[in-house]
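Working notes for the structure below.
Everything numeric here is computed off the predicted structure, so don't read it as measured data.
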Amino acid sequence: NMMPELKCTVQTCTHNVDYYCSLDHITVGGNSAKQAEDTCCDSFEKRKSNTTSNTMADASSFSSIDCKAQNCMYNEGCQCHAGKISVEGGGACRCQETACATFQKEC
C-alpha cells in the first residue's frame, strides 16, 4: 500500500517536525467537503507551549491517511491515494482551522 508523502505547514501542531508529520497515521475529516477549506486534519493537536515538539520524534515524510472526504478524487475506500498531500493552516488553534490543500473534487 503506497503511503502519500505528507507535508504540513501547521506549526502550531505538536506533531509537526520541520514541516513533516511525526505521526505515521493521520485522519483527514470533511465528510461532505466540496472544497479544500471544508476538510481538516482530525489528528491536529495543539502544541502545549512554545516548546518545540519532541525532537526524538522521527518525522517521516510518509504517513498512512484515513480520509473522510468522500468527494475527493484521491479517496478510495476512505484511504488517501494521492502521491503526496499538503496539510495547511499556519497558526491553527483547532483542527477546524486546518485543511487538506490537496483535496480535489471528483468530476
Side-chain angles (χ1 to χ4, degrees):
N1 187 13
M2 186 203 75
M3 297 206 298
E5 181 182 0
L6 171 59
K7 287 284 281 185
C8 180
T9 66
V10 189
Q11 290 185 283
T12 47
C13 180
T14 193
H15 307 301
N16 188 309
V17 182
D18 295 330
Y19 297 102
Y20 285 110
C21 184
S22 60
L23 297 177
D24 52 11
H25 192 121
I26 70 163
T27 302
V28 170
N31 297 39
S32 51
K34 303 268 190 291
Q35 54 192 6
E37 294 78 68
D38 301 335
T39 65
C40 62
C41 180
D42 284 350
S43 306
F44 171 85
E45 224 176 294
K46 193 170 186 319
R47 223 183 266 286
K48 296 283 182 282
S49 60
N50 290 339
T51 58
T52 45
S53 68
N54 172 4
T55 44
M56 296 311 290
D58 194 28
S60 150
S61 50
F62 297 91
S63 298
S64 96
I65 298 165
D66 286 344
C67 180
K68 299 176 188 165
Q70 303 286 352
N71 301 323
C72 182
M73 62 184 280
Y74 301 117
N75 185 325
E76 284 171 43
C78 294
Q79 289 288 310
C80 179
H81 287 270
K84 57 178 167 198
I85 75 158
S86 178
V87 171
E88 300 192 347
C93 293
R94 51 205 183 97
C95 62
Q96 289 82 349
E97 293 167 6
T98 65
C100 175
T102 310
F103 177 89
Q104 288 286 325
K105 196 168 177 338
E106 272 185 307
C107 299

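Of all the heavy atoms in Gln11 and Tyr19, the pair that sits closest is OE1-OH, 3.1 Å. Nearest heavy-atom pair, Ala92 versus Val10, reported as atom, atom and distance to 0.1 Å: CB-CG1, 3.9 Å. When all heavy atoms of Cys95 and Phe44 are compared, the pair lying nearest together is N-CD2, 3.5 Å. When all heavy atoms of Lys34 and Asn71 are compared, the pair lying nearest together is NZ-ND2, 3.9 Å. The nearest pair of heavy atoms linking Thr27 to Lys68 is CG2-CE, 3.7 Å. What you find for Ser63 and Leu23 is that their closest heavy atoms are OG-O, 2.9 Å.
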Using atom types as modelled, flag every donor-acceptor pair under 3.5 Å from a side chain in residues 100-107 to any protein atom, sequence neighbours excluded.
| from | atom 1 | to | atom 2 | distance (Å) |
| --- | --- | --- | --- | --- |
| Thr102 | OG1 | Ser86 | N | 2.9 |

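Of the possible donor and acceptor atoms, one in the side chain of Asn75 sits under 3.5 Å from a partner among the backbone N and O of Ala69. Remark: side-chain polar atoms of Asp38 are not paired, donor with acceptor, to backbone N or O of Gly30 under 3.5 angstrom.
Within the model, atoms NZ of Lys7 and CD of Glu88 stand 11.0 Å from one another, a figure rounded to the nearest 0.5 Å. Distance check: Asn16 CG to Thr9 OG1 gives 8.0 Å after rounding to the nearest 0.5 Å. For the atom pair Cys13 SG and Arg47 CZ, the distance stands at 7.0 Å (nearest 0.5 Å).
Residues Gln70 and Cys78 form a side-chain contact, since some pair of their non-hydrogen atoms from C-beta on lies under 4.5 Å apart.
Every side chain to side chain donor-acceptor pair (under 3.5 Å) that Glu45 has, sequence neighbours left out, goes to His15. Looking at residues two or more places apart in sequence or on another chain, you find no salt bridge (Lys or Arg N to Asp or Glu O under 4.0 Å) involving Asp66.
When each of Cys8, Cys41, Cys93 is tested with Thr98 by the rule side chain to side chain contact (heavy atoms under 4.5 Å, CB included), just one qualifies, namely Cys41. The side chain to side chain contact (heavy atoms under 4.5 Å, CB included) test with Cys80 singles out one residue from Val28, Ile85, Leu6, and that residue is Ile85.
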